Amino acid sequence: MKHVLKLLSLLVVISALWIGLLQASIIPQSHTWLLPIYFIVSLGCYGLLMVGVGLMRFPTCPQEALLLQQDIAEAKDFLKQKGVDVGSD
Amino acid sequence: MDAAKNKYSIIVPTYNERLNIALIVYLIFKHLPDEDFEIIVVDDGSPDGTQEIVKQLQKLYGEDRILLRPRAKKLGLGTAYIHGLKHASGNFVVIMDADLSHHPKYLPSFIQKQLETGASIVTGTRYVTGGGVHGWNLMRKLTSRGANVLAQTLLWPGVSDLTGSFRLYKKSVLEDVISSCVSKGYVFQMEMIVRASRKGCHIEEVPITFVDRVFGSSKLGGSEIVEYLKGLVYLMITT
């Protein structure tokens, strides 16, 4: 099944639940009508939270740049010795 | 799988990587002393003499270890992999970038992970502990993170780093997946891993560090963002 169809079926199930709630009146109707909005807003907030947390915890590796420079120097030395042209880029 | 009989074909597409190709070849040989491997350089007619350097490297390391399989001009990444695959004699294929943003020192961890788990694909991820990125400013990190959250929400891809291009594939799996991919650029990388995930391939991840050395190359303009969104919609509909 294509992924968009999976998402649509999920949406259909959620909508069916919502309509069911509207008709069953377990929760006062005025609240039930607003549920989709709550859902969308929560989804948006969750997304923003994930972006924010991910940004704060974004793994960086400044030492890697240094290690890379060392590796490059080592490689250039070896290759120069062996006759490979490693002149300026 | 009998570890002694595995051969790894490392496909490196190049365009104007005269210096980097020599460095990367040296580093691959340094970090894979005990493995049977070959490096397949797919050069798209670089005007800077990349192919000359590769020939020098072939004299040093052997023409059976370094294969030069060039093309006449820039023809795109996907076709570069397909071209490289045709010449690959290993039962595993590694794809990696030539500009040293992917460091060969991670190759043993890819191989190790595959041997431990029997995975069909091992993909490098920059976004987990042990991995990381250097050289990105805040804006770039923000777009990367936002793009990733969007892709995770919409696609449920099963991997943490969708656009990464440092991967180890079982050769048969790569051949199978690549035949059904049509996108270009980094969306191509996304399409590959999402299609593989949908097919039920066993995919494992290893942390990698990514050093962005070309200042300004990671600028993401409006057009790239639009391309990315189009790519997401395309993948939602077709996978």
Side-chain angles (χ1 to χ4, degrees), chain A residues 1-15 35-89, chain B residues 16-20 22-27 29-30 48-49 52-53 56-57 59-61 100-101 103-105 125-136 138 141-142 144-150 152-157 194 198 207-213 233 235-239:
Chain A
M1 186 196 263
K2 300 297 179 197
H3 190 73
V4 67
L5 294 177
K6 269 193 228 150
L7 292 176
L8 285 174
S9 357
L10 196 61
L11 203 61
V12 165
V13 166
I14 296 177
S15 308
L35 277 179
I37 303 185
Y38 294 156
F39 177 68
I40 293 172
V41 170
S42 315
L43 203 61
C45 288
Y46 178 74
L48 285 173
L49 189 72
M50 288 286 99
V51 172
V53 169
L55 192 61
M56 280 195 304
R57 300 184 54 225
F58 205 106
T60 56
C61 47
Q63 73 284 1
E64 290 295 329
L66 192 61
L67 290 173
L68 184 60
Q69 289 310 313
Q70 291 172 351
D71 280 334
I72 291 175
E74 178 188 319
K76 275 186 172 172
D77 274 337
F78 177 85
L79 292 167
K80 224 177 272 183
Q81 268 183 14
K82 302 285 180 174
V84 178
D85 179 11
V86 286
S88 51
D89 219 331
Chain B
N16 283 347
E17 300 285 6
R18 179 196 173 87
L19 176 58
N20 288 331
L23 302 175
I24 214 176
V25 165
Y26 169 80
L27 288 170
F29 275 91
K30 175 180 175 186
D48 73 343
E52 293 313 307
I53 302 297
Q56 291 178 16
L57 292 164
K59 281 209 202 81
L60 178 56
Y61 289 104
L100 285 178
S101 52
H103 198 300
K105 68 184 174 188
T125 171
R126 299 161 285 181
Y127 301 142
V128 301
T129 321
V133 178
H134 177 76
W136 283 4
L138 187 66
K141 285 184 201 166
L142 179 64
S144 160
R145 187 61 194 157
N148 200 276
V149 168
L150 193 61
Q152 295 292 335
T153 312
L154 291 179
L155 286 176
W156 310 351
V194 170
R198 301 287 187 245
I208 57 164
T209 54
F210 181 94
V211 178
D212 205 332
R213 301 175 62 213
V233 172
L235 287 174
M236 268 202 295
I237 297 176
T238 61
T239 66

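Note that these values count all heavy atoms, side chains included, but never hydrogens, waters or copies made by symmetry. Chain naming here is simple, since letters A, B, ... match the order of the sequence lines and numbering starts at 1 in each. All of these numbers come straight from a predicted model, not from anything done at the bench.
Residues B:Leu19 and A:Val86 form a side-chain contact, since some pair of their non-hydrogen atoms from C-beta on lies under 4.5 Å apart. The side-chain heavy atoms of A:Leu7 and B:Met236, taken from C-beta on, include a pair separated by under 4.5 Å.
For the atom pair NZ of A:Lys6 and CG of B:Leu155, the computed distance is 10.0 Å after rounding to the nearest 0.5 Å. Note that NZ of A:Lys2 is 11.0 Å distant from CG of B:Leu235, once rounded to the nearest 0.5 Å. For the atom pair CZ (A:Phe58) and OH (B:Tyr127), the distance works out to 5.0 Å, reported to the nearest 0.5 Å.
Residue B:Phe29: no heavy atom, backbone or side chain, is found under 4.5 Å from chain A. In this structure, chain A has a heavy atom under 4.5 Å from the side chain of B:Val149, while its backbone stays farther away. With a 4.5 Å cut-off on non-hydrogen atoms, B:Leu23 touches chain A through its backbone and its side chain both. Of the atoms belonging to B:Arg126, it is backbone heavy atoms, and not side-chain ones, that fall under 4.5 Å from chain A. Only the side chain of B:Lys105 comes within contact range of chain A, with at least one heavy atom under 4.5 Å from a heavy atom of that chain. With a 4.5 Å cut-off on non-hydrogen atoms, A:Leu8 does not touch chain B at all.
Heavy-atom contacts from other residues, nucleotides or ligands closer than 6.0 Å to NZ of A:Lys82 number 12 or fewer.
For residues 67-76 of chain A, the interface with chain B (any heavy-atom pair closer than 4.5 Å) comprises A:Leu67, A:Leu68, A:Asp71, A:Ile72, A:Glu74, A:Ala75, A:Lys76, sorted by residue number.
Comparing B:Glu52, B:Lys59, B:Arg198, B:Gln152 by heavy-atom pairs within less than 4.5 Å of chain A, the highest count is held by B:Arg198.
Of the possible polar contacts, one joining the B:Gln56 side chain to the A:Asp85 backbone as a donor-acceptor pair under 3.5 Å is found. A donor-acceptor pair is defined here as one N or O able to donate and one able to accept, closer than 3.5 Å; such a pair exists between the side chain of A:His3 and the backbone of B:Leu154.
Listed by chain and residue number, A:Val51, A:Leu55, B:Met139 satisfy the side-chain contact (heavy atoms from CB on, under 4.5 Å) test with B:Leu142 (two or more places apart in sequence, or in another chain). Qualifying side-chain contact (heavy atoms from CB on, under 4.5 Å) partners for B:Pro207, counting only residues two or more places apart in sequence or in other chains: B:Val128. Partners of A:Leu49 under the side-chain contact (heavy atoms from CB on, under 4.5 Å) rule, at least two apart in sequence or in another chain, are A:Val53.
In terms of heavy-atom proximity, A:Cys61 sits nearest to B:Gly132 at SG-C, 3.6 Å. Residues A:Leu79 and B:Ala22 share a closest heavy-atom pair of CD1-O, 3.5 Å. The shortest non-hydrogen separation linking B:Gly131 to A:Pro59 is O-CB, 3.4 Å.
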For the pair A:Thr60 and B:Lys141, evaluate side chain to side chain contact (heavy atoms under 4.5 Å, CB included) and give the outcome as yes or no after the intermediate values.
CA-CA 10 Å; A:Thr60 56; B:Lys141 285 184 201 166; 3.5 Å; yes
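Ring pair A:Phe78/B:Tyr26 is tilted by interplanar angle, where 30° to 60° counts as tilted.
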